[in-house]
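The next block holds one structure in the form of C-alpha cells; read it before the comments.
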Amino acid sequence: MVMQPESSRALSEEEYVVQCAKNCLEVDPHASKAWMITAKTLFPQNFGVQFEAYRIEKSAGNVKEAAKCFTTIYINFPKEARLWNEVAQITSVLSNESQESAFLSQMFKNIPYDIQLKILQNAADRSEDPMEHCRLSLLLLNKFPETAQESVPKLVETLISAEKHIYSNPVNIYRKFLVCDLMPFLSIESIEMSTKLLITLLNKSIKFYVAYLIQKTKIIQDLPESENNVQNSWDSMNKIFKVIGTKLHWEISNIFNPPVNLDRALFQLKQFMVSVADWMMCAEEMTYAVTILFLQTLHGYVSALEAGSYKKSELVLVETFINEGVDIKANVMPPAKKMRQNSEDEILPVVTVVENNTDAIEHFQRAHKCWSLLHRNPLLKQEFKKLNEGLALEPLLGSIIQDLALYEGEYDEYLKHIIGTEASLKRSLELASVYHGKKMYMLSVESLYEVVAAAASLPSSSQSSHPPINASVTTRRHLQYIPLVKLPLIQYCCKLLIATLKQGVFKTLFSNYDLALGHLLVLCQLDWPQEEALVTRVLKEIAQRKAFAYPVFTKYLVNPTILEEFIFLSTEQGGNISLDILVPSANQLLNQRRMSTRGVDKNVREDFKLMMRRQIARCNDPLDSLITDFLLSERASIVEICYRIQVQMSS
Amino acid sequence: MSVDLKHSLRKLEFPTCVREALNQLEGLCASQSVGRVNIKQADLAMEIIAEFVFCETDRGRAKKQKLTCIQQLQLLEVLSDYFSYLSNGHESARNTVFMLLFPTTHLERAGILVKFVSMAIAIKNHQVLASTGIVMQQVGCGSKFSADLAEGLVEDYFILLPKVQAMLDDLPVTAPLFTANLLTALTELYGSIDKSAVPENLVALITKWLTEHPSLCYTAIITNLQPALPLGGIPMPALTPYVGLLKWCICCPLNNNTSSLYSQLHLALLQSLEESFHSKLIPQPRNIIPVQILSSFIPILVNKVKQLSKQHPNDSEVEKNIQLSLDRLAQAIQVALATESLFGNKEDLLNRLEVLAKRNRLLEIVLKTHQTKSFTIETPFVYV
C-alpha cells in the first residue's frame, strides 16, 4: 500500500500519487479511490492524472464515477486526442442499439445532459470524413430531437450534396440516411423548407424506395449490413408522403394513414377528384398520391406474381380466345340503366391465373385503375409525364404498361412495346396471341411455331398436374397468365390454332378442307372434353359431306369418344360415310394400301374394326407429346391452311 | 390561577394528568413565544412538569416514589403522541416544550430522554427526533448533555438490539439534523487518540450512512434553525463531524487497526467533502472544518508517531501503519484545501505539518503545493 520512500523518489510527484492509487487497487479499492481523489485535486491541470482517474473508474466498471471523471476531462481538456478517441468509442456504441447495456453507453447516460449534447455536437463538428459527420449528426439528432429545427435543414443539404458527388445509384448510404433516418424529423412543425426542396426530397424518397424494394438483394451501397434497418415495406414511404404533404398543405396528405388500405385510398382519391374545384391547384398532389399508390400496387403485383408463379416459372399475360367473334373493344354494350362505374368494370376483360393467385389479379386491376386515373385527366397526364421522366420510372414500368395495353385491348400500343423487346419465348407467345387478336393469322402461326419449338425442348410434366386453360363461359374477353412450362404452352397453342381454324371451317370450302377438319379433331383431344361441342360440329360436317379423307388419322387420333363416333359414321345407321384413312400396320404399309370402308371386302371391314380398337388402346398415351409431335410434323399443312383462311378472310 | 390549575390537575389520575399537563404547557409556551419571557410562568411550567409529567414531586416539594417501568412506558407513549400530533406550524412551540421537559441541567431526566429518543427512532417519530437534534445543537454537540445522550443511545440501543442496523439505515432520511448532530456528538464521545474502542458495527453503520448520504456531514450547516426556536432564540453555530471522523481514520492504524472499514469511511468523508464543494446551500464563507480543531490535533499526532517509532524501532509493520495514517491525514488535508472546506489560519496548520512531512511523501507534496500556491494565480479549472 505504501511505497518505500527510496524507490518512490524516482517517480515524479504525479506519477507517485497515481502509482499509489494503482498499487492498492486490488487490495483496497476504497483506499485506491481516496488516492485518486487526492491526485485529481492535487493536479487539476494534468491531463494524464485526470485521464488515469477515468481509466481506473472505467476498468472498475463504476458508471457514475467514470462519467464524472469524463465530464471533468471534457470540460478542462477539450483538445486532448485521447479524449476524442474515447468519444469515438462512445459514439460507435451509441449508434448501435444492441449495445445499450455497454459500459460506455451507460456512462454516457450519467454525464450531465447539456454536456452530452455538447460532446456529440463537437464530435460531429470535428469529423472531417463526410460520412462520419453525417452519422454523428444523425446520432445527435436521435439522442437530442430538440436540436432538429437547427440541424435538420443543414443535414439535408449536406446529405444531398455528398450523395451527388459520389453516387449515381439511388440505393446508397447517404440516400438511406436522408430518406430513412432524417425524413421522419420533418414532421416537426417548426422546421421550414422551400416547396422546391420538399418536392426534391419526395422525389428522392420515391426513387429510393422503388429501387430498394424492387432490387433482389437488400444491399445498400456502402452501408454495413448490420446497420441496414430499412423496413421491407411501403409504410415508411407512406409516412414520408404524409410528412411532406402536410408541410405543403396538401389536402390528401392523410390518404396513406395506417392501417393502409390501397383500395380505400384509391376510392378516396377518386372521390377527391370528383370534388376538386381547381385542378391547377392540386394536380401535383394528386399525381404524387396516385403515382405512389400505383408504384405500391406495381410492387405488390410483381411480388405476387413471383410468389405465386407456377413451378417457379415466369408468368405471361395473354389473351385466351375462348369466345370467338367477340368484339374486343366493346364486347358488351353498357346497358343504359346501369351505373357508369359498374359498366366500366363490365367492359374490362376477365383475368385469370393458375393456382388461384388472386393477389396478383387484384394488384393488376388496381394498377389499371391508377393508370387510368393518371391518363384520363389531361393535367394529371401532363404532371405524370413530368414525374415519370424525373423519376426515370420507365424501366420499372415496362412490363405492366404492356400488359395494361393488352387489358384495354389496345393491340397496336401493346405490339409497340413487344416489338422493342429481345427475342424470347415470352415475346413469341405474346406475338402469337396479339397477331391472332389482330386477325393476322400467318404472323400468329409463325410466332406460335417459335413457341412450340421452344416448348418441345422443355421437360415434360405429368398431364394431370396442370388444369386446362380456363374456359369460363362468358361473353367478356378473357386474359390469362400462362406459365412458361411445356404443357400449358402447348395447351395455349392448341387453343390458338383451334380458334384460327374455326375462322375458316364451316363457312366456305377450300382445298385441304378435310385436313383442317381432321386437325381440329386432333387439337380438341387435349383438354378433352372442353371442346366436345366443336367436335360434334365437325363430325356433323363430315357426316353431311359423306366422305372424309385424313391421312394422319391413325397417327394422332386416340380419343375413344371421337373414335367411337367414327365407327358409328362408318356404319349404315351412321350414314355409311366413306372414310379414307391410312392403315398403319406394317404389312399394309408395305403395300401402300389404303384402308377404306368403301369396297365390298369383308376382311377390310374387319381390319377397320381392328385398327379402331388399336387406336382406342392408345388412349392413355401422353397427349402433350402426341400433340407436340403433331404440331411439328404437320407444320406445313397447318401453315398452309392458315394461309387459306387468311386469304379467305381478307377477300 | 396557578393554584386552580394545579388543583384541577391533581384530580386526574396518571397518565391522564400527563396529557392534560402537556396541553396546559402548550398554552403557557404559546403566550410566552408571543410576548416577553415571564419568569413566573416559566417557574409554573417547571413545577407542572415535575409534578404532573414526570411525577418527581408531590404537591410542589416533597419527593415522590419513582415511576414504575410500566408507568414510564405509559409516560413515553403520551409524550410521543403529544409531539407527533402537535401541528407542524407550531415548530417553535414544540421545541420550547421539549426544552422545558428536558433541561440540560436535569441529570435525572437524561435516562428517560435516552429511552424517549430510542422509542422515537424505533417508531420513526420524526418530530421528536427533530426537536432532539435542535436541542443537541443549541446546547452543543460536545456538551455533556449530548455526549450522555449519544452514549446512552449507543449502549442501550445501537449495540444491544439485534437487527437494529436495518432500522437505523434510513435514520438520515427520517431525521437528518438529529443524525448529523448525533454523529458529531459521537466523535466527541470517542475522541481520544488512544481510544480504539469505537464499536465496529457503529463504524459500519456510520460508513453506510455517509456512503449513501454524502450530505449528512454538512446537514447542520445548511439547516436554518431560526424558525424552529422560541422568539428571540439565537441559533448556535453548527459543528460538523468531519474532523472527529477523520481522526478515527487517521488514528486507527496507529492503534494497529488496519480494518478496511476505515478505508471506506475515509473515502466516504473525502467524497462528502467533494459533494459539499458543489452544494449551493452552504453559506459563505465556507466553514465546514474549523482549522483550529485540526491544528490542535497535529501536535498530539506528532507525539504519538514519535512515541511509536521509539517503542518499535525498525519495525516495518509499525512503519507501514504510520505511513497509512499519514497518507490519510495528507489526503484529508489536500481534499479539504481543494474543496475550500477549511476555515481559519491555514498557514499555521501547514507549518505544524512540516515535521510530519519529512517522513511522508504525500504530505510533502501537499505542503509544497499549498505553501507555494498562495503566490501563483490560479487558472480556472472546473472540478466536477
Side-chain angles (χ1 to χ4, degrees), chain A residues 1-21 23-47 49-50 53-54 62 64-78 110-112 115, chain B residues 207 211 249 253 258-275 277-278 316 319-341 358-370 373 376 378-384:
Chain A
M1 218 179 285
V2 175
M3 299 191 83
Q4 292 303 307
E6 299 80 37
S7 63
S8 74
R9 293 290 155 185
L11 300 170
S12 73
E13 290 180 353
E14 289 88 340
E15 285 167 343
Y16 170 76
V17 182
V18 170
Q19 194 56 48
C20 285
N23 283 347
C24 56
L25 189 57
E26 297 286 319
V27 199
D28 188 347
H30 298 106
S32 174
K33 232 179 211 178
W35 274 105
M36 226 45 243
I37 291 174
T38 313
K40 283 196 290 180
T41 58
L42 262 176
F43 312 108
Q45 313 291 343
N46 186 312
F47 172 78
V49 170
Q50 302 296 328
Y54 165 69
N62 297 326
K64 281 186 188 162
E65 284 81 354
K68 254 188 191 177
C69 293
F70 194 84
T71 309
T72 308
I73 295 171
Y74 175 77
I75 294 172
N76 294 289
F77 309 96
N110 277 282
I111 291 175
I115 305 286
Chain B
T207 305
T211 308
C249 299
T258 55
S259 161
S260 70
L261 197 52
Y262 284 95
S263 285
Q264 212 176 328
L265 177 61
H266 181 64
L267 173 65
L269 289 164
L270 299 189
Q271 285 174 330
S272 167
L273 284 174
E274 281 190 295
E275 175 145 329
F277 188 55
H278 298 291
S316 66
E319 180 56 29
K320 214 174 126 186
N321 288 347
I322 290 173
Q323 289 301 328
L324 175 59
S325 165
L326 296 182
D327 281 340
R328 281 182 186 162
L329 173 69
Q331 288 168 355
I333 288 170
Q334 165 56 30
V335 175
L337 284 167
T339 58
E340 295 164 16
S341 305
K358 287 185 183 125
R359 51 180 309 162
N360 179 279
R361 186 162 183 202
L362 182 61
L363 207 46
E364 184 192 56
I365 294 170
V366 171
L367 282 196
K368 201 182 125 201
T369 306
H370 292 283
K373 207 174 183 178
T376 59
E378 272 185 74
T379 43
F381 175 80
V382 184
Y383 184 58
V384 180

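Lettering of chains follows the sequences in order, A, B, ..., and the numbering in each one begins at 1.
B:Glu364 touches chain A through its side chain: at least one heavy atom from C-beta onward sits under 4.5 Å away, while N, CA, C and O do not.
In this structure, a donor-acceptor pair under 3.5 Å is present between the side chains of B:Gln334 and A:Thr41.
Atom OG1 of B:Thr207 sits about 9.0 Å away from atom NE2 of A:His30, to the nearest 0.5 Å. Distance CE/A:Met36 to CG/B:Leu267: 13.0 Å, rounded to 0.5 Å. Residue A:Lys33 holds its NZ atom at 10.0 Å from CD of B:Gln264, rounded to the nearest 0.5 Å.
Side-chain contact between B:Arg361 and A:Glu13 is present, with heavy atoms from C-beta onward closer than 4.5 Å. Side-chain contact check for B:Gln331 versus A:Ile37: every heavy-atom pair is 4.5 Å or farther apart. At a threshold of 4.5 Å between non-hydrogen side-chain atoms, the residues B:Leu362 and A:Leu42 count as touching.
Of all non-hydrogen atoms in B:Leu270 and A:Ala34, the two that sit nearest each other are CD1-CB, 3.7 Å.
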